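One structure is given below, encoded as structure tokens.
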Amino acid sequence: MTPELTVLVLAALLQLVQFVLYAVPANLELGPGYTMSARDREPSRALSERTARLGRAFDNHFEALVLFGIAAGVLAISGQGNTLTAVCAWIYLAARIAYVPAYAMGLRPHRSIIWAVGLLATTVMLFAALF
């Protein structure tokens, strides 16, 4: 397996970890009556600030994972992966790992800088696939 695909699998596992980090406190805070419902209405109480942030970080990773998955997949299928793209893949993963606690703790502007590092690494990979 290419380094880029290895990181893609690890990033998917990170997404599962993020789900647990968000879902457990959300279920405790909202209760099973709401979390097991069809959620046709808004919850009767709001999530805590930290739990809401963990939910937004979880959603944000889904969005970032799409672009990273495209980059990793194209590089692997086309055989264009190289040292640069492998390093960028690992930078992406490191940034996404760092992003979770930075977002949960409300670190500004650190969270945005970490997010930008991950996006830049993905962008380099996408351009490497084109050239």
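Because the structure is a prediction, the values reported are computed rather than measured. We number each residue from 1, following the sequence as shown.
Between atom CG of residue Leu21 and atom CG of residue Leu16 there is a gap of 11.0 Å, rounded to the nearest 0.5 Å. Atoms OH and CG, from Tyr99 and Asn60 in turn, are 3.5 Å apart once rounded to the nearest 0.5 Å. Atom CG of Leu47 is separated from atom CG of Leu28 by 11.0 Å, given to the nearest 0.5 angstrom. Here the straight-line distance linking atom CZ of Phe19 with atom CZ of Phe62 works out to 9.0 Å at 0.5 Å rounding. Atom CH2 of Trp90 and atom CG of Leu10 lie 5.0 Å apart (nearest 0.5 Å). Note that CZ of Arg108 is 11.5 Å distant from NE2 of His110, once rounded to the nearest 0.5 Å.
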Taking it one step at a time, do Val87 and Ile91 satisfy side-chain contact (heavy atoms from CB on, under 4.5 Å)?
CA-CA 6 Å; Val87 168; Ile91 289 171; 3.8 Å; yes
Are Leu5 and Val9 close enough, and set up right, to give a side-chain contact (heavy atoms from CB on, under 4.5 Å), and what steps lead you there?
CA-CA 6 Å; Leu5 289 180; Val9 171; 5.7 Å; no
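Identified under the salt bridge (Lys or Arg N to Asp or Glu O under 4.0 Å) test for residues 47-59, with sequence neighbours left out: Glu49-Arg53.
Ring planes of Tyr92 and Phe68: parallel class, angle under 30° (limits at 30 and 60°).
Side-chain atoms of Glu29 and Ser48 include a donor-acceptor pair closer than 3.5 Å.
Here the closest heavy-atom approach between residue Thr51 and residue Pro25 is recorded as OG1-CB, 3.5 Å. Pairing each heavy atom of Leu54 with each of Ala104, the nearest pair is CD2-CB, 3.8 Å. For Val7 against Ala89, the heavy-atom pair with the smallest separation is CG1-O, 3.2 Å. Between Gln15 and His61, the shortest heavy-atom contact is OE1-ND1, 2.5 Å.
Under a hydrophobic-cluster definition in which Ile, Leu, Val, Met, Phe, Trp and Tyr are linked whenever side-chain heavy atoms come within less than 4.5 Å, directly or via other members, Leu65 and Met1 are assigned to the same cluster.
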Tell me which donor-acceptor pairs under 3.5 Å the side chains of residues 114-131 have, and how far apart each pair is, sequence neighbours excluded?
| residue | atom | partner | partner atom | Å |
| --- | --- | --- | --- | --- |
| Thr122 | OG1 | Gly118 | O | 3.1 |
| Thr123 | OG1 | Leu119 | O | 2.8 |

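Counting only heavy atoms from C-beta outward, the side chains of Thr2 and Leu75 never approach each other to under 4.5 Å. The side-chain heavy atoms of Gln18 and Leu14, taken from C-beta on, include a pair separated by under 4.5 Å.
Using a distance-only test at 3.5 Å, with no hydrogens or angles considered, no donor-acceptor pair links the side chain of Arg111 to the main chain of Gly106.
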